[in-house]
Amino acid sequence: MSGGRRSAAFAMATLFVVTGCSGGQQSILDPAGERAESIFGVWELMLALGTVVWIVVVVALGLALVRKGRRVDDDSAEAAQVREAGDGRSVLTVLLAGEVVTALIIAVLVVVSASVLRSLDDADVPDDPTIEIVGHQYWWEVNYPDQGIVTANEIHIPAGERVAIEVSSDDVIHSFWVPELGGKIDMIPGKSNSIWLEAEEPGTYWGQCAEYCGTQHALMRVVVVAHDADEYEGWLATQSEPAPSRPSEEESIEVARGREVFLSSSCVYCHTVQGTAAAGELGPDLTHLASRENLGAGILENNRGNLAAWVLDPQAIKPGNLMPGTDLEGEDLQSLLTYLESLE
Amino acid sequence: MTADSVTDLDDRFDGTWSNPRGFRGFFSVVQHKDVGMRYMVTAFVLFLIGGVQAMFLRVQLAQPENDFLGPETYNELFTMHGTTMMFLFAIPFLEGLASYLLPLMIGSRDLPFPRYNVFNYWCYLLGGLILYSSFLFALVPDAGWFSYVPLSGPDFADRSMDFWLFGLTLAEIAAVGAAIEISVAILRTRAPGMTLNRMPIFAWTMLAVAFLIIVAFVPLIVASVLLELDRAVGTAFFDINAGGSPLLWQHLFWIFGHPEVYVMFLPGAAIISHVIPAHSGRPLVAYPLVVVALASTAVMSLGLWVHHMYTTGLPSLTMSFFTAASMSITLASGLQVFAWIATLWLGKPRFTVPMLYSLGFVVTFVLGGITGVMVASVALDTQVHDTYFVVAHFHYVLIGGMLFPVFAALHHWWGKVTGRHYARRPAVIAFWLVFVGFHVTFFPMHLSGLWGMPRRVYTYEQELGVGLVNLISTVGAFVIAAGVVLLTVNLVISHRRGAPVGVETGDSLEWTTSSPPPSENWRRIPMVTSRNPGWDRDEPVDADTRAALDEAFDARPVEFRATPLTTVLSAEPDGAVLLPRSTYWPLVTPVGLAILAVALLTQWYPLSAVGVVVGIVGLAGWAWRNESEYRVEHVRPLAGRFQFEAHGTRSIGWWAAASASIVIVVAVATLTFSALYLQVNASVWPLEDTVGEPVRFTAVAAALLAGLGVTWRAARQGRHELWDLSRPEVRRAQFIAVAVAMCAAVIALVLLVPLWLGDLDPAAHAYESSVWTLLGAQVLAILAALAMTIAALHARMRHRRDARTGLLLHAAALLWAAAAVSWAMVWMTSDLLPRLVI
């Protein structure tokens, strides 16, 4: 029987090695910022201690099973004596020693865990930028109150800085989680929670909703984009601009026509494009839609084909999300797409 | 005495203990082995159903962006899988096992309240049927097994949540009832000589578990009622716009939910504490320490719930406290692991099928415990919380810690229960399939979690990089399924065709009776002289007691069923309990409750009146039948020493009434906690609108104290009377006490009901919601005291004896005390504290 267990253990070890310690987009084991790294330190300590403890227990169990010392029949006088004698002092000593060792390990882990938590709590976090994120069923509203920027599903931050993030929810409980940057924080209606994140290097960090929030919980993805300082300032500047509200000289007739299609369709009941009459609040703000990398809360690459598919039948792509499809056709659809693609 | 008359007496004894079979038997049998078996079979069927649901989930997740199931179906199935396994399999199966085994292990002929036992079974079965009927209406609950609000609240969930709430509440009522049954059985019906320090570990454990269920399951019932009120009446407990809080649900749910984990694990550990000694021929090492460990686990488990809420934004200091508490519980579990290993070390282990499952349990559970320590750390938990790492962790703990022991138990006691051997080879193969399949399924889930896969997702994208590990998990799940099918088929076949078992030995008492045990368990009630009565079958030194016991209980009494009562600590004979035979009455009230649930589900409210009437008729008929069994010729003391239901704590009724009082107090305390929690956490609380009726409230308090006082005093008056005696002055005093108490109840109700149903608008604000609900609960508490008082009146009119009435008055007094304590809490919460805050 031990052969079977050994081969199972071997298979598990192989699994670890073959697949490596880095998963894909959003592995806890690939920390890319201060917060995630200090938690990763706790993980490494626990993994090491836990592995040792497990091996010790299993080896002790194995030794107890194969021990040749006391091979007596159940009914023998010796067995009866053992029963009557009760537990020897040495046995109890071993048990209590085991308890002491366990208690010491626990004490170490409690202290390490609490001190890491405390250092995360006590860290100095600048007020600016403070990003407010509001959870909605299956997408993220992202606000930069100081700059008056409203965007969705993509959080842009400066790299190498701690960024204060405040979260809440507009409907049910969600949880904001970007594993490579840090742990999760629940987004609870009627309550504001805060966390700070830091990304050491510029780059794209994936995350997703971590509290079951309904039909499309699975496809409620989010992405954090960390920029170096200049790039970040540039991004802020672009995003602060409203979209042009009326035809200007540079823009094509197609864009102007698309804007008319947009403003005269049901889109405006749910979506805002700042600078135009569209001021719906149920869906993501589209003022700078074309500047985003993804559509549908991180599930489609933002290109014309995907945009068309999403606008026509979002339920086919993300069944159960709250956006109805449209029945635009031909030129109207093409103009609308061109317009949406112009919102940079 | 001639041989003929002995045979005649034996026949009459057997006739008394025989149960009706067939259709009639199915609905009327109350005997603990039949009911326990029914619990286990029902729970096992639901386990197979929950397992099939899991297979669907695993197929969907086998590859990224799979479209085998749509998101809605997936969400329904994972909700039903978790709900079924937790509420309809794990807890009921263990209750069934306890129902079957405990009387055998502690040497009694039945549980102390067999009708209540079957009542609980019917509640459980009907609750399960209501939950599963949601499939017929395509209204399958889909808010997850912990049903967080607001997703499960009136704004976001359709009627499917009502199926969940009503079905589970019925099942939880059954669990609380089973806890009362189990604790009274263990405390009062142990065989003479089975002192506390000789009690089998399983009995100790079930006592701790019963305590946990009473303290922790009642809050879940209360939480479910609050959520249903929010949904149906429009109260605002969880409504942020009117002073409610979604976090209240999480607190209440996890105050239940964490102890529940130990309600499942502790019996698992207890099974191991029996299997390992029995299969290595050595008593459990460090028995006293193991008892301390399991008792402290039970107590500590009540203080860990916040570790399910680390990401909700609570203060760090609070959370670090819960980290320390959660990790410390490892010490208690660790001690048990050390004790098992030491027992194996000192004994001679045989690799039987139960032993294989026990070893699989240790290997698996220890790993689950280690990941448990990991997730107890707040810092680490903020990363792995709600990911597949946690899914892996709790399946290691629950399958490793509860299912493996249950499989060990099935094989360990199979011969005892069925009288037949199972086939060993398929059983061993099934073990390896289950064990290897388990680790292939769940070990990779640690990885998928660490790689960023949240739980409760119906799909994941290719880029997440968890496709391979998920595919491995799915393959493993099919291996487990094959093992479970093989195990089931093997046991079913052996049930029909297995070879009869010979003499088997285990350390505990059940091994001293035949396999399968006769209906009465023991023709001759055993006496216990050691901790391992299965091995040490010496005749007891106390020959007097042995002789007295034989005179009363050696194939006796023949006219009616009875078992001895013993004292709580030292298990000395202390009386006898009359046990009921088959009856339909316990089925009536659960049907009434189910009708009530259906009426509320369909919102066809006239039907709810039918439900209430059927429920009350059921209780009344049950009480009527109960009294009619106590005919005077049946209850003269057996053999002079075994008096039936002596006064006060010597009767089992006292213990049941005390448990019911505790349940009432815990329920009102939970409501109080909820109201205060909302008050403390709300930004605005309408202090100026407090109820503020000091005269009325004082009058209610006075009425309740009057009811308590008169019933208590009258109960004490009847206490020294013999069973067949009645004295006019006692009779008169009892009538007066009943009349005064009934008046007190009516006065209290007249004062409270108009206030409750008057100006309060439960939908306006959480304050009014809580006052409204507290007053409603208080009305129910008073009705319970009134009902018990009426039962005492009924007994007074039917019997010529004073003692029986005294007994029921004592029970009524306990319920009056509960009503008074509740009132103190209700008054404080609805009126005094809001005033003090001003």
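Values in this document were obtained by computation on a predicted structure and should not be read as measured data. Order of the sequence lines sets the chain letters (A, B, ...), proteins ahead of strands, with each chain counted from 1.
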Counting heavy-atom pairs under 4.5 Å with chain A, which one of B:Ser326, B:Gly70, B:Pro71, B:Gly334 comes out on top?
B:Pro71

Checking B:Tyr458 against chain A: side chain, backbone, both or neither under 4.5 Å from a heavy atom?
both

Interchain contact, B:Leu317 with chain A, by part (heavy-atom threshold 4.5 Å)
neither

Which region of B:Phe238, side chain (C-beta onward) or backbone (N, CA, C, O), has a non-hydrogen atom less than 4.5 Å from a non-hydrogen atom of chain A, or is it both or neither?
neither

Keeping the roles fixed (side chain from A:Trp177, backbone from B:Gly452), state whether a donor-acceptor pair exists under 3.5 Å.
no

What I'd like to find out is whether the side chain of A:Met46 reaches to under 4.5 Å of the side chain of B:Ile370, using heavy atoms alone.
no

State yes or no: are the ring centers of A:Tyr212 and B:Phe146 separated by less than 6.0 Å?
no

Could you please spell out the steps behind the side-chain contact (heavy atoms from CB on, under 4.5 Å) verdict for B:Val366 and A:Val58?
CA-CA 9 Å; B:Val366 168; A:Val58 172; over 6 Å; no

Any side-chain heavy-atom pair of A:Leu61 and B:Leu359 under 4.5 Å:
yes

Are A:Cys209 and B:Pro454 packed together at the side-chain level, in the sense that at least one heavy-atom pair is separated by less than 4.5 angstrom?
no

Let me know which of A:Val57, A:Leu65, A:Val94, A:Leu95 forms a side-chain contact (heavy atoms from CB on, under 4.5 Å) with B:Ile341.
A:Val57

Closest non-hydrogen atom pair, A:Pro179 against B:Gln383:
O-NE2, 2.8 Å

Tell me, out of A:Val42, A:Asp121, A:Val116, A:Leu49, who's got the most heavy-atom pairs with chain B below 4.5 Å.
A:Asp121

What closest approach, in Å, do B:Glu72 and A:Thr215 show between heavy atoms, and which atom pair accounts for it?
CG-CG2, 3.8 Å

Can you find a pair of side-chain heavy atoms, one from A:Trp43 and one from B:Leu450, that are under 4.5 Å apart?
yes

Quick one: which of B:Leu151, B:Leu247, B:Val362, B:Asp386 has the most heavy-atom pairs under 4.5 Å with chain A, could you say?
B:Leu151

Chain B shares the most heavy-atom pairs under 4.5 Å, among A:Ala103, A:Ala114, A:Ala210, with A:Ala210

Do you know which of A:Gly182, A:Gly320, A:Ser194 has the most heavy-atom pairs with chain B at a distance under 4.5 angstrom?
A:Gly182

Between CG of A:Leu300 and CD of B:Glu461, what distance do you get to the nearest 0.5 Å?
8.5 Å

side-chain contact (heavy atoms from CB on, under 4.5 Å) between A:Gln137 and B:Phe156, intermediate numbers included
CA-CA 10 Å; A:Gln137 272 183 323; B:Phe156 294 95; 3.9 Å; yes

So which part of B:Ala342 gets closer than 4.5 Å to some heavy atom of chain A, the side chain, the backbone, both or neither?
side chain

For A:Ile173 and B:Pro150, work out which heavy atoms get closest and say how close.
CG1-CD, 3.9 Å

Greatest number of heavy atom pairs closer than 4.5 Å to chain A - which of B:Met355, B:Arg455, B:His385, B:Gln462:
B:His385

Below 4.5 Å from any heavy atom of chain A, which atoms of B:Ser152 appear? Answer side chain, backbone, both or neither.
neither

Keeping A:Lys191 on the side-chain end and B:Thr312 on the backbone end, is there a donor-acceptor pair under 3.5 Å?
yes

In Å, rounded to the nearest 0.5 Å, how long is the span from CG of A:Leu109 to OG1 of B:Thr330?
9.0 Å

Take B:Leu289 and A:Leu92 through the test side-chain contact (heavy atoms from CB on, under 4.5 Å) and record every step on the way to the result.
CA-CA 9 Å; B:Leu289 291 180; A:Leu92 294 181; 4.2 Å; yes

Considering only heavy atoms, which portion of B:Val149 lies under 4.5 Å from any heavy atom of chain A: side chain, backbone, both, or neither?
backbone

Heavy-atom side-chain contact between A:Arg118 and B:Ser316 under 4.5 Å:
no

Heavy-atom distance under 4.5 Å to chain A: side chain of B:Phe389, backbone, both or neither?
side chain

From CA spacing to verdict: side-chain contact (heavy atoms from CB on, under 4.5 Å), B:Thr382, A:Ile185:
CA-CA 7 Å; B:Thr382 60; A:Ile185 184 80; over 6 Å; no

Just verifying a value: how many Å separate B:Leu380 CG and A:Ile39 CD1, rounded to the nearest 0.5 Å?
7.5 Å

Which one, B:Leu367, B:Thr323, B:Thr459, leads in non-hydrogen pairs under 4.5 Å with chain A?
B:Leu367

Taking side chain as C-beta onward, heavy atoms only, is A:Trp54 less than 4.5 Å from B:Val363?
yes

For chain B, the option from A:His217, A:Met187, A:Glu99, A:Arg221 that forms the most heavy-atom pairs under 4.5 Å
A:Glu99

B:Glu65 versus chain A, the contacting section by heavy-atom distance below 4.5 Å:
neither

Counting heavy-atom pairs under 4.5 Å to chain B, which of A:Ile195, A:Leu120, A:Val167, A:Ile188 comes out on top?
A:Ile188

Decide if atom CD of A:Glu44 counts as having more than 12 heavy atoms of other residues, nucleotides or ligands within a radius under 6.0 Å.
yes

Between A:Ser113 and B:Ser320, is there a side-chain heavy-atom distance shorter than 4.5 Å?
no

Determine whether a donor-acceptor pair (N or O, by modelled atom type, separation under 3.5 Å) exists between the side chain of A:Gln26 and the backbone of B:Trp451.
no

Between the main-chain N or O of B:Thr311 and the side-chain N or O of A:Lys184, is there a donor-acceptor pair closer than 3.5 Å?
no

With rounding to the nearest 0.5 Å, note down the distance linking CD1 in A:Ile106 to OG in B:Ser328.
7.0 Å

Are any of the side-chain heavy atoms of B:Met309 and A:Asp186 separated by less than 4.5 Å?
no

Interchain contact, B:Val378 with chain A, by part (heavy-atom threshold 4.5 Å):
both

